[in-house]
Structures are given as C-alpha cells and as structure tokens.
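Scope of the values below: all heavy atoms of this structure, side chains included, with no hydrogens, waters or symmetry mates. Just so you know, ligand 1 is whichever comes first in the structure, and atom 1 is the first atom listed for that ligand.
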Amino acid sequence: VLEKREFVITGMTCAACANRIEKGLNKLEGVSKASVNLALENATVEYNPSLVSTQEIVGRVQKLGYNAISKE
Ligand code: 9UX
C-alpha cells in the first residue's frame, strides 16, 4: 500500500536545487514518485512505507544539503 506525504523543503534557491532533490528522492528504494515544487517550497512523495520511512526520506534530502520537514 502506497502512502503519500508532503514535506516542507527549506534551503532551495534555484530550479536546479529542486531537480536535484527530485532526482535524489526518486532514486530512493521504496519511493514510487516524488515531485518538488520550488515556488511552494514543498515536496510530494508517494512511497511504500514497508520499504522506506519518512526519516529516510528526510535523511536523503539532508544528505543533499537541504532540509525536509514532514507535514502532520
Ligand atoms: Mo544552483 Mo540551487 O548551484 O543550489 S543548484 S542555487
């Protein structure tokens, strides 16, 4: 069962930043679809919670040099 969650992303300053995060998240095992919106400073991630946790998603974003805060 896939879950969909929104994250606030901080630290993005250009469109390439958003693309880097989007590509990085889409490469994560268990993520079926990630889209990052620079203007809204958020990411929508669809993932399989039995394969990847929200902590791992946040960790991936931090590894790229940004921060992610899970909504709700
Ligand atoms: Mo361009 Mo966004 O170097 O960090 S990718 S500002």
Margin query: For a quick check: using heavy atoms under 4.0 Å, what are the residues in contact with ligand 1, sorted by chain and number?
Written below: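 Thr13, Cys14, Ala16, Cys17, Tyr66.
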Next item on the list: Search all heavy atoms of Ser32 against all heavy atoms of Leu2 and return the closest pair with its distance.
Entry: OG-CD1, 3.6 Å
Note to self: Looking at every heavy atom in both Val36 and Ala43, which two are closest together, and how far apart are they?
What the structure shows: CG2-CB, 4.0 Å
Note to self: So, taking the atom named CG in Asn37 and the one named OG1 in Thr44, what distance separates them when rounded to the nearest 0.5 Å?
What the structure shows: 8.0 Å
Item checked: ILVMFWY cluster membership beyond Val1 - transitive side-chain contacts under 4.5 angstrom -> none
Margin query: Checking Glu6 now: which residues fulfil salt bridge (Lys or Arg N to Asp or Glu O under 4.0 Å) with it, not counting sequence neighbours?
Written below: Lys71
Please table the atom pairs, donor to acceptor, closer than 3.5 Å between any side-chain atom in residues 54-69 and protein atoms at least two apart or in another chain.
from, atom 1, to, atom 2, distance (Å)
Glu56, OE1, Ser53, N, 2.8
Glu56, OE1, Ser53, OG, 3.3
Gln62, NE2, Asn67, OD1, 2.7
Tyr66, OH, Arg20, NH1, 3.0

